[in-house]
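A quick write-up on the structure given underneath.
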Amino acid sequence: MAQQFQDRFERKFYYLRLSVTDVCNFKCTYCLPDGYQPSGQRNSSFITLPEIKRVVHAFANCGTSKVRITGGEPTLRKDFTDIIDVVAQTPGIEKVATTTNGYRMEKQVGEWREAGLTHINVSVDSLDPRMFHQITGQNRFHQVMAGIDRAFEVGYQQVKVNVVLMKHLNHQELPQFLQWIKQRPIQLRFIELMQTGEMDDLFNQHHVSGTSIRNFLIANGWILKARGHNDGPAQVFVHADYQGEIGLIMPYEKHFCESCNRLRISAMGKLHLCLFGEEGVELRDLMQADEQQYALIQRIQSHLQTKSVSHFLHDGNTGMTPHLASIGG
Ligand code: SAM
Ligand code: SF4
């Protein structure tokens, strides 16, 4: 193995979030409220299967053991199953995850599992079909739910469900969500709404901290679970009476960045050291041949030394990220 990816603050990077497309067919109010708009850039195309293979090999060579395939909506790629296969075949990669809006899950999740997808996250912002429609711009609540059922049928032991917490919209639904996971092995993950470059009033109207949920959980017998080295940033709580778990993702909390273990590759092949705050570093020219692996690793290692200690979101920094669909949430 080449030298483990590590930054100046001795953070080690075990987890790669790989965006494979910016395109999405949903219009989530907090992400792409007007739907996906092509950038208009000529010759812009998303990273190809051979490029994905090379970049994942480079990361695996430097200690990465988990890859999340994301987007945009990653399942819109025609070669999505092949992407899973290529990532899963990479020596050193133990966990292959995806985050999806669930649109294609019912039909395809069996195929994904066979190709090597070990973990699945699906976004469900409300258990009320009308609210789901209002938030996502798509009247597909029942289709997404059927996809979750199908994931269990094809053999997943647990499904993770992402909920972006929003005041006045879904924040009041905690009792329904808790009831839903009582008998189901679902890890429900409440994500605090993050402010991105293109967000105007939405953040001020709907942002709410996860602290009240955390206080409620602790007061009601939920216990914080220990975190593994390639786990994501969620604080996960368990309870003896529930088959499901609750995760809280609270990027506005002070010490959030101290445990950062992940790096990002955008669908255009740029390295992003953080979800927020920088333009990204071009890597694509070094994804063109297997012989370039050493140079690719060197470029990543050297830029990693510029990774900032924090995203400074709590100081109002929204950086250069227009919306999370552009670098994969
Ligand atoms: N399309 C897929 C989906 O929605 O699951 C994957 C990409 S999406 C950008 C990844 C995750 O980021 C989703 O769970 C989504 O809800 C979340 N997300 C997007 N914009 C967000 C924001 N402004 N604040 C918090 N979470 C956000
Ligand atoms: Fe699409 Fe996911 Fe963004 Fe919703 S959050 S618009 S599903 S990329």
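When a ligand or atom number is given, it counts from 1 through the structure's own listing order.
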For ligand 1, note which part of [X] has a heavy atom under 4.0 Å away: side chain, backbone, both or neither.
X    : result
N162 : side chain
V122 : neither
T99  : both
E192 : backbone

Return yes if a side-chain donor-acceptor contact under 3.5 Å exists between [X] and [Y], otherwise no.
X    : Y    : value
T100 : E73  : yes
Q143 : Q138 : no
N25  : N101 : yes

Closer than 4.0 Å to some heavy atom of [X] - which atoms of ligand 1 meet that?
X    : value
N101 : 2 (C), 3 (C), 5 (O)
T70  : 6 (C), 7 (C)
E73  : 1 (N), 2 (C)
G72  : 1 (N), 2 (C), 6 (C), 7 (C)

Looking only at distance, does [X] have an N or O less than 3.5 Å from an N or O of ligand 1?
X    : answer
D125 : no
L193 : no
T196 : no

Regarding [X] and [Y], does a basic nitrogen lie under 4.0 Å from an acidic carboxylate oxygen?
X    : Y    : answer
R150 : E153 : yes
R284 : E51  : yes
R227 : D231 : no

Specify whether an N/O/S atom of C28 falls short of 2.8 Å from atom 1 (Fe) of ligand 2.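 Not a single backbone or side-chain N, O or S atom of C28 is under 2.8 Å from atom 1 (Fe) of ligand 2.
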
Which residue, [options], forms the side-chain hydrogen bond (donor to acceptor under 3.5 Å, both in side chains) with [X]?
X    : options          : value
S126 : Q134, E173, Q176 : E173
Y15  : R68, H229, R262  : R68
Q235 : K225, R189, E253 : E253

Looking at ligand 1, would G102 count as a contact under a 4.0 Å heavy-atom criterion? no

Which residue and non-hydrogen atom of the protein lie closest to atom 2 (Fe) of ligand 2, and at what distance in Å?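 Result: C24 SG, 4.4 Å.
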
Quick test: of every protein heavy atom, which one is nearest to atom 3 (Fe) of ligand 2, and how far off is it to 0.1 Å?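 Residue, atom and distance for the closest contact: C31 SG, 2.4 Å.
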
Pick from G71, A325, P74: the one approaching atom 8 (S) of ligand 1 most closely through a non-hydrogen atom: G71

State the atoms of ligand 2, each with its element, that fall below the 4.0 Å cut-off from a heavy-atom position in G72. 8 (S)

Counting from 1, what ligand 2 atoms have a heavy atom of N101 closer than 4.0 Å? 7 (S)

Would a hydrophobic clustering, with Ile, Leu, Val, Met, Phe, Trp and Tyr connected at side-chain separations under 4.5 Å, put I213 with V238?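 Result: no, two separate clusters.
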
Taking the ring of F190 and the ring of F177, is the distance between their centroids below 6.0 Å?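 Between F190 and F177, which both carry aromatic rings, the centre distance is below 6.0 Å.
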
